[in-house]
There are 2 protein chains.
Amino acid sequence: MPKRTDLSNTFCPLGRSAELLGDRAVLLILRELFFGRRRFETIVVTTGLGPQLVSARLKRLLSEGVIERHAYRDRPPRHEYRLTAKGRDLFDVLYALRGWAERWAYTPGETGGGPAMRYVHRACGADVGTATICPGCGEPLRYGELKGEPSPALRAEQAARSGG
Amino acid sequence: MPKRTDLSNTFCPLGRSAELLGDRAVLLILRELFFGRRRFETIVVTTGLGPQLVSARLKRLLSEGVIERHAYRDRPPRHEYRLTAKGRDLFDVLYALRGWAERWAYTPGETGGGPAMRYVHRACGADVGTATICPGCGEPLRYGELKGEPSPALRAEQAARSGG
DNA sequence: CTTGTTACTATGATTATCATAGTTACTATC
DNA sequence: GATAGTAACTATGATAATCATAGTAACAAG
């Protein structure tokens with residue numbers, strides 16, 4: 001393609017977000033990082049993306065300050081990728097994307113009644129559904145305060161991806 | 001490219017969302033629709049995308065049931081695009097993207113102190129900042145209950161785009 | 001000294017996106 | 001009634017991004 005118009009210098013906040021987050025690979029990589037999967041190979045396998053794409057997107061995320069490289073072994077040099085504060089603040093975005101899909105992207109019965117991914121508020125134990133405020137205690141939900149549990153179908157899919 | 005892996009049939013809700021919303025053009029088009037700009041040419045001009053891309057993305061959004069075509073004149077046949085309930089429910093996603101950018105995507109002083117886009121809760125008149133619960137009255141914020149006001153810089157940019 | 005692990009980069013085919021121009025079907029103005 | 005304008009697209013050719021597959025580099029373990 002010709003050089004596509006760069007929207008990162010627009011004054012519109014959504015335009016700026018779209019430039020980074022309007023990308024399938026970026027969203028998938030962020031999902032893995034939020035789940036605590038920090039290593040290159042793990043991300044390649046769990047997302048199903050090619051190593052070249054993952055490499056390119058990690059570089060972009062690094063340059064945007066959303067993630068940072070952290071050495072976990074010196075010889076041979078190995079590092080993992082962690083979300084920065086700026087990255088962790090994307091939780092609301094990912095949570096909203098997940099909530100919308102839970103409400104609209106499944107055919108009735110496809111998930112066996114419940115959500116594809118169940119979230120429980122650690123503080124009070126309530127199933128939060130797709131709410132942004134805990135239906136149990138009324139507190140706003142933040143990253144780290146939720147415990148995610150994949151449905152059996154999702155768990156099976158994840159296992160298949162890791163194994164094959 | 002080779003046929004990229006389709007993730008819409010994954011059981012992961014974020015994977016399903018990413019397939020549709022992990023796309024810069026889709027996000028930009030949705031922004032315009034949320035602002036009430038419903039016509040093809042308007043969307044082409046305000047997003048800065050080419051007509052072919054806009055056409056392709058509108059078709060995808062139609063087939064996903066996120067928008068619908070509505071005739072507003074018969075001779076010659078003219079139609080506009082409107083968000084469906086499924087589309088309007090994406091408000092949380094767009095609002096989260098906007099909030100993140102407001103907090104992280106501007107250099108200090110770039111917006112002249114305030115946000116690039118100011119939102120006011122119609123019900124109580126409070127400036128909501130980037131909150132999901134109104135800081136004035138404590139109510140959760142929903143689409144239609146907010147009044148958006150672009151900053152002077154953003155307003156100038158929008159005018160330049162429409163004019164040139 | 002062969003196999004395994006981790007984190008990549010290189011290659012070539014294929015497809016998406018871009019800018020620009022053209023099309024269709026009318027309405028409004030001169 | 002001929003010309004210009006508007007709205008909503010489609011067609012064309014160049015360029016860039018993405019994919020699957022394979023290969024590299026640096027070490028550890030057996």
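Letters go in sequence order (proteins before strands), and every chain restarts at 1.
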Taking side-chain hydrogen bond (donor to acceptor under 3.5 Å, both in side chains) as the definition, give me every residue that meets it alongside R57(B), ordered by chain and number, with sequence neighbours left out.
D23(B)
Let me know the distance between CD of E41(B) and P of dG22(C), rounded to the nearest Å.
16 Å
Sequence neighbours excluded, the answer for side-chain hydrogen bond (donor to acceptor under 3.5 Å, both in side chains) partners of R37(A) is E32(A)
Could you give the CG-to-P distance, from D23(B) to dA16(C), as a whole number of Å?
12 Å
Would you indicate whether the side-chain heavy atoms of E139(B) and H121(B) approach each other to under 4.5 Å?
yes
Any side-chain N or O of R38(B) less than 4.0 Å from the OP1 or OP2 oxygen of dA8(D)?
no
Residues that R82(A) engages under side-chain hydrogen bond (donor to acceptor under 3.5 Å, both in side chains), provided they are two or more places apart:
H70(A), E80(A)
Rounded distance in Å - CG (L62(B)) to P (dA8(D))
14 Å
Among pairs that include at least one residue of residues 135-161 of chain B, which meet ring-ring contact (aromatic ring centres under 6.0 Å, His included), considering only residues two or more places apart or in two chains?
F34(B)-Y143(B), F91(B)-Y143(B)
Who pairs with D92(B) by side-chain hydrogen bond (donor to acceptor under 3.5 Å, both in side chains), at least two apart in sequence or on another chain?
none
Reading nucleotides 24-30 of chain D from the 5' end, what letters show protein touch, with B for base, S for backbone sugar-phosphate only, - for no heavy atom under 4.0 Å?
--BSS--
When rounded to whole Å, the CG to P distance for the pair L53(B) and dT17(C) reads 6 Å
Out of dA7(C), dC19(D), dC9(D), which nucleotide sits closest to the side chain of Y81(B)?
dC9(D)
S55(B) side chain, from C-beta outward: closest of dC9(D), dA17(D), dT17(C):
dC9(D)
Parallel, tilted or perpendicular, as decided by the 30° and 60° cut-offs, for the rings of Y106(A) and F11(B):
tilted
Just how far, in rounded Å, is P of dA16(C) from CZ of R24(B)?
16 Å
Report the distance from atom NE2 of H79(A) to atom C1' of dT6(C), rounded to the nearest whole Å.
9 Å
Between L28(B) (CG) and dC18(C) (C1'), how many Å, whole number?
15 Å
Pair of N/O donor and acceptor under 3.5 Å linking dC18(C) base with Q52(B) side chain:
yes
Please tell me which of the listed nucleotides, dA16(C), dA7(C), dA22(D), lies nearest to the side chain of Y72(A)?
dA7(C)
Separation of dT9(C) atom P from K59(A) atom NZ, nearest Å, is 4 Å
